[in-house]
Amino acid sequence: MREKVFRLVLGALERNTPPLVRSVEIQLLLNLTARGFGVAGECVWIRSPEGALSAYRDFSLRCMSGGQRNGERLFRHAYRTGERIRRLTGFTAQEDLRRLVFYLYRNLDIHMTGLIPGTITVTDCSFSRHYTPQQCEIMSHVDAGLIAGVQGGGRLRFTRRLTQGCGCCTACFTGGAGR
């Protein structure tokens, strides 16, 4: 029953996400990123989604310039968040989990297509205009953890990145569907 309710909610949010919901999602991302870097977070959920996303981007850049670059820690905190999201929704079907991941990333102005598990293509990423290739690689630990957490395990590996001058990002996600 819960899965059906969340499937309806996801469908409604895919059609029209209220600005406050987007800002809260960005706040959750900032919180897990702050924990991953071992620093205090900041409040962004009260801003517009665009303002929250800009503040998150600036926050992540400051974190990376601080010298702390523990990708495993970023992955771990992102994984836990993704795992909580999966448990909250009760989703078990691969299609529901894929839709959920693509929805979450769309709210970050990251547009994905493809399959999970399988090949994922990122056609547009708001962060690619601000991150260096090295910063993108560091922050991809968040992507790997969040997607693996939602999927119940698995591994994300990028083969091409927008920040490296490619026309899109290409990644392969293998595994997942663990409960």
Side-chain angles (χ1 to χ4, degrees), residues 2-3 5-91 96-112 120 122-132 134-151 156 162-163 169:
R2 178 176 64 173
E3 195 172 352
V5 170
F6 274 100
R7 195 174 290 124
L8 290 171
V9 170
L10 178 58
L13 289 173
E14 284 173 323
R15 288 187 296 281
N16 183 25
T17 304
L20 179 61
V21 171
R22 265 190 82 200
S23 295
V24 168
E25 289 173 7
I26 295 164
Q27 181 69 62
L28 292 172
L29 179 65
L30 187 139
N31 293 347
L32 80 85
T33 302
R35 287 190 305 272
F37 279 108
V39 299
E42 56 188 53
C43 180
V44 299
W45 72 270
I46 58 175
R47 299 177 186 211
S48 70
E50 296 76 19
L53 195 58
S54 177
Y56 171 75
R57 182 193 65 238
D58 294 345
F59 176 81
S60 66
L61 287 167
R62 283 193 308 276
C63 287
M64 287 185 281
S65 70
Q68 288 188 293
R69 297 188 173 140
N70 186 334
E72 179 56 36
R73 187 172 168 164
L74 284 168
F75 176 90
R76 208 170 42 247
H77 286 285
Y79 186 93
R80 287 183 195 139
T81 299
E83 195 173 45
R84 287 182 193 116
I85 292 168
R86 185 182 78 249
R87 282 194 207 128
L88 172 71
T89 64
F91 288 160
D96 292 333
L97 295 169
R98 182 199 62 79
R99 283 178 55 209
L100 178 59
V101 167
F102 287 7
Y103 161 78
L104 292 170
Y105 275 84
R106 188 190 74 208
N107 285 337
L108 302 174
D109 288 338
I110 298 173
H111 302 277
M112 298 177 158
I120 302 168
V122 177
T123 56
D124 186 39
C125 173
S126 62
F127 298 98
S128 69
R129 294 180 279 286
H130 304 279
Y131 286 174
T132 66
Q134 295 78 20
Q135 291 166 330
C136 179
E137 187 173 339
I138 292 165
M139 294 306 291
S140 70
H141 288 89
V142 173
D143 301 325
L146 191 61
I147 295 171
V150 168
Q151 291 293 314
L156 181 71
L162 288 162
T163 56
C169 295

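Everything numeric here is computed off the predicted structure, so don't read it as measured data.
Residues V21 and P49 fail the side-chain proximity criterion, which asks for heavy atoms closer than 4.5 Å. D109 has its side chain within reach of L53: a pair of non-hydrogen atoms, C-beta onward, lies under 4.5 Å apart. A heavy-atom distance below 4.5 Å is not found between the side chains of D96 and F6.
Put simply, the side chain of E14 never gets that close to the backbone of V9: no donor and acceptor are under 3.5 Å apart. Counting only distance, with no hydrogens or angles, the side chain of R35 and the backbone of R73 share no donor-acceptor pair below 3.5 Å. A donor-acceptor contact shorter than 3.5 Å is absent between the side chain of R57 and the backbone of F127. Here the side chain of T81 pairs no donor or acceptor atom with the backbone of L29 at under 3.5 angstrom. A side-chain donor-acceptor contact under 3.5 Å links Q27 to the backbone of V44.
Here the straight-line distance linking atom NE2 of H141 with atom CG of L156 works out to 10.5 Å at 0.5 Å rounding. Here the CG-CG distance, from D143 to L74, works out to 10.5 Å after rounding to the nearest 0.5 Å. Here the CZ atom belonging to F91 is positioned 12.0 Å from the CZ atom belonging to R98, to the nearest 0.5 angstrom. In this structure, CZ on F75 lies 10.0 Å from CD1 on I147, to the nearest 0.5 angstrom. To the nearest 0.5 Å, the span separating CD1 on I85 from CG on L97 amounts to 11.5 Å. Summarising the geometry, atom OG1 belonging to T33 is positioned 7.0 Å from atom CZ belonging to F59; distances are rounded to the nearest 0.5 Å.
For R15, there are no side-chain hydrogen bond (donor to acceptor under 3.5 Å, both in side chains) partners two or more places apart in sequence or in a different chain. Remark: E50 pairs with R22 by the salt bridge (charged side-chain N to carboxylate O under 4.0 Å, His left out) rule, at least two apart or across chains. In this view, Q135 and L61, M64, Y131, T132 satisfy the side chain to side chain contact (heavy atoms under 4.5 Å, CB included) rule, not counting sequence neighbours.
The two atoms that bring L30 and G41 nearest to each other are CD2-CA, 3.8 Å, heavy atoms only. Smallest separation of non-hydrogen atoms from M139 and S60: CE-CB, 3.9 Å. S23 approaches S48 most closely through the heavy-atom pair OG-C, 3.5 Å. Closest heavy-atom contact between V101 and M112: CG1-SD, 4.4 Å. Minimum interatomic distance between R129 and S126 (heavy atoms only, all atoms of both residues): NH2-CA, 3.3 Å. Of all non-hydrogen atoms in L162 and C169, the two that sit nearest each other are N-SG, 3.3 Å.
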Output, in order, the C-alpha distance, side-chain angles, deciding distance and verdict of side chain to side chain contact (heavy atoms under 4.5 Å, CB included) for Y56 and R47. CA-CA 11 Å; Y56 171 75; R47 299 177 186 211; over 6 Å; no
